[in-house]
Amino acid sequence: MPVATPHPLGLSPIALGLWRAGRVQLPTARLVELIATSLDAGVNTFDLADIYGNYAGEQAFGAALAASKLPRSAVRLISKCGVCSVSEARPAHRVKHYDNGGDHVRASVDASLKTLGTDYLDLFLVHRPDFLLDADELAEALRQVVQAGKVRHVGVSNFSPSQQRLLASRLHGLPGGLAANQVELSVLHRAPFTDGTLDLCQEQRCVPMAWSPLGGGFLFSGETDEAARVRTALAEVGEALGGATADQVALAWLMRHPSGILPVLGTTDPARVQSAAGASALQLDRQQWYQIWQAATGTTIP
Ligand SMILES: NC(=O)c1ccc[n+]([C@@H]2O[C@H](COP(=O)([O-])OP(=O)(O)OC[C@H]3O[C@@H](n4cnc5c(N)ncnc54)[C@H](OP(=O)(O)O)[C@@H]3O)[C@@H](O)[C@H]2O)c1
C-alpha cells in the first residue's frame, strides 16, 4: 500500500536504511530492485552514511541510482559523517574516533556528494556526538553546507537532549534549524520516550528518526520474555486492526507518537519493505498503544 502523507522535510514517512546492504555488499542489481520496490511502496527516502560498507556503501548506492535512471527528484538522500573508523579506505585513521569538526564536516559533505553522484543531499546528519564537540564550529560548518546549496536540511544522530539543545541554540535563523535527530528507537528500545529526546523533538519541531525500528530483527527472533510478550501484543493488535502484520503494527506504534517519528527500516528484502510501508495506513488507538507499551515493560502503568 503506498505511503501517502507528505512529510515536513519532503521525506517519505518511512525511510530505508542501507547499513546492512553495505555490510553484505548487496550487488547493484539487488540494490536497483530494492530502490524500485521502495519507490513503488511510497518509500522515497534512503539513509546512508560515509562509513557504511566500510566506506564503500555510498559508492554502491550511487551506482545503483545511476543504473536506475531515476530523476534526482524521485529520491530523498540522507547521509552522515562524524564516525571515523580504522579502515584501509581511510589510511590516516590510526584510532577509531569521532570528528564533528568543521573541516571534517565540509570535506565529508563534498565526498558524499561525489560518491553518490549528486549535487545535493536532502538531509545531512552528524552521525554521533563528538566528546570534543565545539558547537560554534559545528554550527558554522552546517550553515555553510546549507548556504552553499549542498545540503537541504541538517540534523544529528544519537545526540542526547542536552547535546541537541546546545547545537540547536547555535543554529538560530537557519531555515529548518536542526531538522532531525536519528536515534535508536523501537518497542524494544524505549529510552527516547522517557529521557527527554522525544519531548525536545516535539518542542523544537525536530523530526525524530528511529534507527533499528524493528529492534534490528530481534523483535521477530529474540528469545527474551520481553520480545515474546511484545510479539503476542503485536499479534493481538494486528488482529484487531484487521490482519495487520507484526512489522506493520510495531512501526505504526512508533508513528502514532505526536512527535512524528520516522522509522528507518533496515531490511534488504524488497517484500519486507512493501509490507512495512503498509504501517502508514494503520491507526492504533490509545489503548492499543498502551497495550503494547505494557507488554514491553512487563508492568502495568501506575
Ligand atoms: N544513526 C545511527 O547511528 C544508526 C545505527 C544503526 C542503524 N542506523 C540506520 O537504521 C537503519 C535500520 O537499522 P536496522 O537494520 O537495525 O533496522 P531494523 O529494521 O530494526 O532491522 C533490520 C533487520 O531485521 C530483519 N527483519 C526485518 N523485517 C523482518 C521481518 N518481518 N521478519 C524477520 N526479520 C526481519 C532484517 O532482515 P532481512 O534483511 O533479512 O529482512 C534485518 O536483519 C540502518 O540501515 C541505518 O540506515 C543508523
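Keep in mind that what you see is a predicted model, and the values were worked out from it rather than measured. Just so you know, residue 1 is the first one in the sequence shown, and it goes up from there.
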| request: Measure the spacing between CD of Gln164 and SG of Cys201 and express it to the nearest 0.5 Å. | output: 4.5 Å
| message | I'd like to check Asp247 versus Arg272 (side-chain heavy atoms, cut-off strictly below 4.5 Å). Are they in contact? | response | no
| said: Is it the case that the side chain of His257 and the backbone of Ser259 share a donor-acceptor pair, with hydrogens and angles ignored and the cut-off at 3.5 Å? | reply: yes
| Going through the checks in order, is the side chain to side chain contact (heavy atoms under 4.5 Å, CB included) test met by Thr299 and Gln294? | CA-CA 6 Å; Thr299 55; Gln294 287 171 126; over 6 Å; no
| query | Under a 4.5 Å cut-off applied to non-hydrogen side-chain atoms, are Cys84 and His104 in contact? | reply | yes
| Would Ser186 and Ser212 count as having a side-chain donor-acceptor pair, cut-off 3.5 Å? | no
| Going through the distances and angles, do Asn54 and Glu88 end up as a side-chain hydrogen bond (donor to acceptor under 3.5 Å, both in side chains)? | CA-CA 9 Å; Asn54 191 22; Glu88 64 284 3; 3.1 Å; yes
| task | Evaluate the side chain to side chain contact (heavy atoms under 4.5 Å, CB included) criterion for residues Leu262 and Leu9: first the C-alpha distance (whole Å), next the side-chain angles of each, then the deciding distance (0.1 Å), finally the verdict. | result | CA-CA 11 Å; Leu262 192 158; Leu9 301 182; over 6 Å; no
| note | What one should report as the nearest heavy-atom pair of Ala279 and Leu251 is CB-CB, 3.6 Å
| Without hydrogens or angle criteria, can the side chains of Ser112 and Glu58 be said to hold a donor-acceptor pair below 3.5 Å? | yes
| query | If you take all heavy atoms of Ala246 and Leu234, which pair is closest and at what distance? | reply | O-CD1, 3.8 Å
| query | In a check of side-chain contact (heavy atoms from CB on, under 4.5 Å) between Val154 and each of Leu121, Leu138, Val146, Val109, which one passes? | reply | Val146
| field | Any Met209 side-chain heavy atom under 4.5 Å of Val207 side chain | value | yes
| task | Check whether any side-chain heavy atom of Leu167 lies under 4.5 Å from a side-chain heavy atom of Leu142, and answer yes or no. | result | yes
| query | Does Asp47 reach the side chain of Gln182, with side-chain heavy atoms less than 4.5 Å apart? | reply | yes
| Derivation and outcome, side chain to side chain contact (heavy atoms under 4.5 Å, CB included), residues Ile78 and Thr45 | CA-CA 7 Å; Ile78 302 172; Thr45 301; 3.5 Å; yes
| said: Given Asn181, which partner from the list Val126, Leu125, Val156, Leu200 fulfils the side-chain contact (heavy atoms from CB on, under 4.5 Å) test? | reply: Val156
| request: Following the transitive rule for hydrophobic clusters with a side-chain heavy-atom cut-off under 4.5 Å over Ile, Leu, Val, Met, Phe, Trp and Tyr, establish whether Leu219 and Val273 coincide in one cluster. | output: yes
| message | Within the structure provided, determine whether Leu11 and Leu123 are in side-chain contact (heavy-atom separation under 4.5 Å). | response | yes
| Between Ala252 and Leu284, what is the shortest heavy-atom contact and its length? | CB-CD1, 3.6 Å
| said: With a 3.5 Å distance limit and no angle check, can you tell me whether Thr194 reaches the backbone of Ala191 through a side-chain donor-acceptor pair? | reply: yes
| N/O donor-acceptor pair under 3.5 Å between Asn44 side chain and Leu39 backbone | no
| request: List the atom of Ala64, the atom of Val32, and the distance in Å for their closest heavy-atom pair. | output: O-CG2, 3.6 Å
| message | Can you see whether Thr245 engages Gln248 through a side-chain donor-acceptor pair at a distance of less than 3.5 angstrom? | response | yes
| message | Counting only heavy atoms not in Tyr290 (residues, nucleotides, ligands), do more than 12 fall under 6.0 Å from its OH? | response | no
| Out of curiosity, Arg143 CZ to Arg170 CZ, how far, rounded to the nearest 0.5 Å? | 11.0 Å
| field | Leu31 side, atom CG; Gln25 side, atom CD - distance, nearest 0.5 Å | value | 11.0 Å
| Do Arg30 side-chain atoms and Pro27 backbone N/O form a donor-acceptor pair below 3.5 Å? | no
| task | Would you check if Glu137 and Glu140 make a side-chain contact, meaning some heavy-atom pair closer than 4.5 Å? | result | no
| Hey, would you say the Phe61 and Trp19 ring centroids sit under 6.0 Å apart? | no
| said: Check whether Arg76 reaches the backbone of Ser73 with its side chain - one donor and one acceptor, N or O, closer than 3.5 Å. | reply: yes
| message | Check whether Tyr55 reaches the backbone of Ser85 with its side chain - one donor and one acceptor, N or O, closer than 3.5 Å. | response | yes
| note | Between Ser157 and Pro129 the two heavy atoms that sit nearest each other are O-CD, 3.7 Å
| request: May I ask you to check whether His127 and Tyr98 place their ring centers less than 6.0 Å from one another? | output: no
| said: With ring-ring contact (aromatic ring centres under 6.0 Å, His included) as the criterion, how do Phe124 and His153 come out once you've worked through the C-alpha distance, each side chain's angles and the decisive distance to 0.1 Å? | reply: CA-CA 6 Å; Phe124 183 72; His153 297 279; over 10 Å; no
| Backbone N or O of Gly222 within a donor-acceptor pair of the Arg231 side chain at under 3.5 Å? | yes
| message | Quick check against the 3.5 Å criterion: does Asn100 have a side-chain atom that pairs as donor or acceptor with the backbone of Asp130? | response | yes
| message | With a 4.5 Å cut-off on side-chain heavy-atom distances among I, L, V, M, F, W and Y, is there a chain of contacts connecting Val86 to Phe131? | response | no
| message | Quick check for you: to the nearest 0.5 Å, what is the distance between Gln163 atom CD and Thr197 atom OG1? | response | 10.0 Å
| field | same_hphob_cluster(Trp211, Leu178) at 4.5 Å side-chain heavy-atom cutoff | value | no
| Which pair of heavy atoms, one from Ala240 and one from Gln288, lies closest together, and at what distance? | CB-NE2, 3.8 Å
| Are Arg72 and Tyr120 in a cation-pi contact, defined as NZ or CZ under 6.0 Å from the six-membered ring centre and within 45° of the axis? | yes
| said: How long is the straight-line distance from OG1 of Thr268 back to CG of Leu18, given to the nearest 0.5 Å? | reply: 10.0 Å
| Test side chain to side chain contact (heavy atoms under 4.5 Å, CB included) applied to Arg286 and Arg256, step by step | CA-CA 9 Å; Arg286 190 173 293 272; Arg256 174 69 174 76; 4.3 Å; yes
| field | Close side-chain approach of Met255 and Ile14, heavy atoms under 4.5 Å | value | yes
| query | Parallel, tilted or perpendicular: which fits the ring planes of Trp293 and Trp289, with parallel below 30° and perpendicular above 60°? | reply | parallel
| If you group Ile, Leu, Val, Met, Phe, Trp and Tyr by side-chain heavy-atom gaps below 4.5 Å, do Tyr52 and Val183 land in one group? | no
| field | salt bridge (Lys or Arg N to Asp or Glu O under 4.0 Å) between Asp50 and Lys80, worked out | value | CA-CA 6 Å; Asp50 55 350; Lys80 321 181 189 78; over 6 Å; no
| field | Pairwise distance NZ(Lys114) to CG(Asp119) - rounded to 0.5 angstrom | value | 15.0 Å
| field | Side-chain donor/acceptor of Ser38 to backbone N/O of Leu34, under 3.5 Å | value | yes
| message | Could you check whether any side-chain N or O of Arg229 sits under 3.5 Å from a backbone N or O of Ala295, counting only pairs where one atom can act as donor and the other as acceptor? | response | yes
| field | Asp136 atom CG: more than 12 heavy-atom contacts under 6.0 Å | value | yes
| Should we say atom CD of Glu203 is surrounded by more than 12 heavy atoms from elsewhere, each under 6.0 Å from it? | yes
| task | Please check if Leu116 and Val145 belong to a single hydrophobic cluster, counting links between Ile, Leu, Val, Met, Phe, Trp and Tyr side chain heavy atoms closer than 4.5 Å. | result | yes
